[in-house]
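Just so we're on the same page: letters track the sequence lines, and every chain starts at 1. Quantities reported herein were computed from a predicted structural model and do not represent experimental measurements.
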Protein chains: 2
Amino acid sequence: MMDLPTAFGLINALFCCYITSASSIEYGEFKPAQNQAVEDIKYDFVIKKFRVPLDHFSFSMNATFEMRYLVNDTWQRGNDPPIFFYTGNEGDIELFAQNTGFMWEIAPTFGACLIFAEHRYYGKSMPFGNESYSDSSHLGYLTSQQALADYADLISFLKSASNMKHSPVIVFGGSYGGMLSAWMRMKYPHLVKGAIAASAPILQFTGITECGAFARVVTSDFRIAHPECPKTILKSWTAIANVTSTENGRKWFSENWKLCQPLKNSSDIKVLKDFLTDIYGNLAMVNYPYASNFLAPLPAYPISKVCSYLTNSNQNDMALLLDLNKAISVFTNGTGNSKCLSVSENSSPNLDSKGWSYQSCTEMVMPMCTNGVDDMFEKIPWDFKKFSDDCYQNFKSRPQPYLACEEYGCQDLSAASNIVFSNGLLDPWSTGGVLSNVSSSTVAILIPEGAHHLDLRASNPHDPSSVIQTRQIHCNFIKKWIHEHWVPIDDKNTVQHEIISV
Amino acid sequence: MMDLPTAFGLINALFCCYITSASSIEYGEFKPAQNQAVEDIKYDFVIKKFRVPLDHFSFSMNATFEMRYLVNDTWQRGNDPPIFFYTGNEGDIELFAQNTGFMWEIAPTFGACLIFAEHRYYGKSMPFGNESYSDSSHLGYLTSQQALADYADLISFLKSASNMKHSPVIVFGGSYGGMLSAWMRMKYPHLVKGAIAASAPILQFTGITECGAFARVVTSDFRIAHPECPKTILKSWTAIANVTSTENGRKWFSENWKLCQPLKNSSDIKVLKDFLTDIYGNLAMVNYPYASNFLAPLPAYPISKVCSYLTNSNQNDMALLLDLNKAISVFTNGTGNSKCLSVSENSSPNLDSKGWSYQSCTEMVMPMCTNGVDDMFEKIPWDFKKFSDDCYQNFKSRPQPYLACEEYGCQDLSAASNIVFSNGLLDPWSTGGVLSNVSSSTVAILIPEGAHHLDLRASNPHDPSSVIQTRQIHCNFIKKWIHEHWVPIDDKNTVQHEIISV
């Protein structure tokens, strides 16, 4: 469930996604299995704990807590092996480990040790146990900077092992995890040699990315599936309003949609609409070319399946809503086992949506809006005041819309180095991604056929070629960074003569 | 007075220094006044206040406070003028503004606006007013990271002015202020284009710089003045011990040294020795080629004057101590007005030594030791346990010796850019400085004839040529950074073909 009324799934939308099968690759010659049976990756790991300060940036308190991290050293070779470090995002780290097959596939080639670090306040890394979410004084240490400092501590600890003193560390992350991996390289370049930042919307902030861009990409994904599809969805908002404007209509809707809790009032209608809005955004993110099972059990290209029911925008309201119910069932009842539809539930229950709600109410303020003209949604402008008031009501916190860009930089990333920003163009989060090269060492990759960080997932026979090539590029950069770790670029003697004249 | 027993003036030693006269320069052709009358710089500024969060890195509290900053816009020209921003260090910002003549001298050439920002917990930027130093829960927000975030906030605020939206910002700092300016560029490169970091010992940390190096440079400075001088000082420790071992001896010493408070016990002797140790370190830092008046009214090359009294190490104890008293008076009674010598006083009362004590007991842990063989001091090993216990007794805080290097990097600065590290080789803090080029854009300048950030001081007819050349290099780099701000280096299309093959 959305904790805050937003035009889009700000809260639930930043996910890694699930994959069930994978094949092995050969580094140097990247050979994903194509059209052949693939084996499941064994996502085996040891779960460990590491104690970190609650507050890395003051000495007013001495509180500490244990963060979790996962280790797999199966393929680790020799002394000072590379450490591939996933900078965990807003959920249980086991889920991210199981959904980042790419790291597992390339670990044998690089002889790397795999580490997946859990983000504070998510999964089982709760600074105050069950009290962690009790109020803003407990929640207040849920910040990206504190999480990065946790990772810095953990990396320093890992490198204190006698056989890892000089290990090169490469960070990986998707979505918010990708933002963290990019920022980790920017803020702690002495600890990490490079970052693979997949589908990382580090520019999705006020004044940088236009608030309606996300919705336009979602709409475009549905339009590609069928031209009538977004038209039908756009009409559905009015149809819902019309039909549910009477008690009989609400009864009809509740029965035909098999709602667990019948619609009673306008507040319920609002919850229903938010639920649908979330689902469209989620579908756009996980519009993968093969069946997947994270947000929900979904078929390959789930938007095509959804849109197969939405090919006629000229029906009457009730007929249209019956079609929409079939379409939505692709997402809500892929197994066919669901007895009723609960629109008040989180559309992606595996994620700790309340944590992200809080983050979006403090530093991760990502404006979203829709206009019903360029997109298939009702017109909902970005209303910062309302957003802020809702945040205050929920968390006693006011969002700080310029904080992230001040802390990490948005408009000027020229000093960054050794970061690959990969962006699937089917993914609505690509609108807040880095879409063009910043420099020769901070590069952008566009994946025309990619959804939300598809490139970080395990390889699959149905992967489009652009994703396969992207994984190859990742490998090449990782190889380059590790090489430079051992044989640093030396330009220190090329200081221009006119500059240094003493 | 030293708040903590250390072999060296950890606490008092990181200073900017005072100058009373200056000349103007012409940028492009740097023309310091030589052998001619020079005018005083008018250090005019408007004092302003700016409200910042007490804690930039959590949302658990909403407390704020007003930091001070100084502005001079006399020479500011046109729209988007350069902002020359001094990252204040451990003292009243007015003092640093008045001791960084270099910025004032080059401002007219660059048409720059001058800003001097006061470091939290120093000067009048007290987060809790008079309670700021009351205990560790109040003091705990005195950290370098919080100070950098204050500066980031202030820079963002300054750039919100309509005529400064695109202003390039160059940061300057000396000593701890230089560390902050270098770290500001490393952590906030999107906010500052480059940093002049003068005499910034960012490597003076555990495991990076040998603890005895500082004392060896101090000793060397005294040896250069006169070969007998360090020998005499080395002997003085035994002489003090011998003479003050009896009540009569303590009486003799107290009378002949005109101590304000006579020596009574071994604790007093310890305080006396610490006081002397501090003074030798201070003298090494401010061994400027002209009379200055910051730590004390001092003649040009004060160590030469001090050592002129210490040319015979073979005297008996009392004769040696009488000579030492004359020598010390160069520092303690340069005006001739002092009626008695108070060895329990802070040897540099203008600085907030307690704040630096706290910082050195938390993150700025700079090990110091002496051995009496390679240096002119009593053997005092670096005893971390004792240091830590003393910190705990004073502040209820334990020093974290690896924190600064984890946060900012020490051994690997390869990702840094646009920083000039200048180091006076007469300055004992140069031992913890960056002494060789890191890359073509992060460079080291060695100033053989320079003491502690002499290059940031106003020009003077007696400046050695290496300092004059260093100031020219600073100007050239500043010019380059400002140029690149307006015409960015564009290498984003030079991504290697074998890397990007999509």
Contact leader toward chain B among Gly409(A), Ala152(A), Ser439(A), where contacts are heavy-atom pairs under 4.5 Å:
Ser439(A)

With a 4.5 Å cut-off on heavy-atom pairs, point out which of Asp412(B), Val420(B), Asp491(B), Thr442(B) contacts chain A the most.
Asp491(B)

Checking heavy atoms, do the side chain of Thr362(B), its backbone, both or neither come under 4.5 Å from chain A?
both

For the residue pair Gln472(B) and Asn476(B), confirm or rule out a side-chain donor-acceptor distance under 3.5 Å.
yes

Report the residue from Val169(B), Ile155(B), Ile419(B) that forms a side-chain contact (heavy atoms from CB on, under 4.5 Å) with Met184(B).
Ile155(B)

Scan side-chain atoms only and decide if Ser136(B) and Tyr358(B) contain a donor-acceptor pair under the 3.5 Å cut-off.
no

Picking from Met61(B), Glu407(B), Arg185(B), His138(B), which has the most non-hydrogen pairs under 4.5 angstrom with chain A?
Glu407(B)

Side chain, backbone, both or neither: which part of Leu403(A) has a non-hydrogen atom closer than 4.5 Å to chain B?
side chain

Apply salt bridge (Lys or Arg N to Asp or Glu O under 4.0 Å) to Asp55(B) and list each qualifying residue two or more places apart in sequence or on a separate chain.
none

Going by the rule ring pair (Phe, Tyr, Trp, His ring centres under 6.0 Å), which residues pair with His474(B) if we only count those two or more places apart in sequence or in a different chain?
Phe102(B)

Measure distances from Gln145(B) to the heavy atoms of chain A and classify the residue's part below 4.5 Å as side chain, backbone, both or neither.
side chain

So Asp153(A) and Phe50(A), do their side chains get closer than 4.5 Å, heavy atoms only?
yes

Engaged part of Leu413(B) at the chain A interface, taking heavy atoms whose separation is under 4.5 Å:
neither

If you apply the rule ring-ring contact (aromatic ring centres under 6.0 Å, His included), what do you find for Tyr151(B) with Phe85(B), and how did you get there?
CA-CA 9 Å; Tyr151(B) 301 155; Phe85(B) 188 103; 5.8 Å; yes

Please classify the contact between Tyr402(B) and chain A as side chain, backbone, both or neither, with a heavy-atom cut-off of under 4.5 Å.
neither

Quick check on Glu363(A) against chain B: is it the side chain, the backbone, both or neither that has a heavy atom closer than 4.5 Å?
both

Please flag which part of Lys159(B) lies under 4.5 Å from any non-hydrogen atom of chain A: side chain, backbone, both or neither.
neither

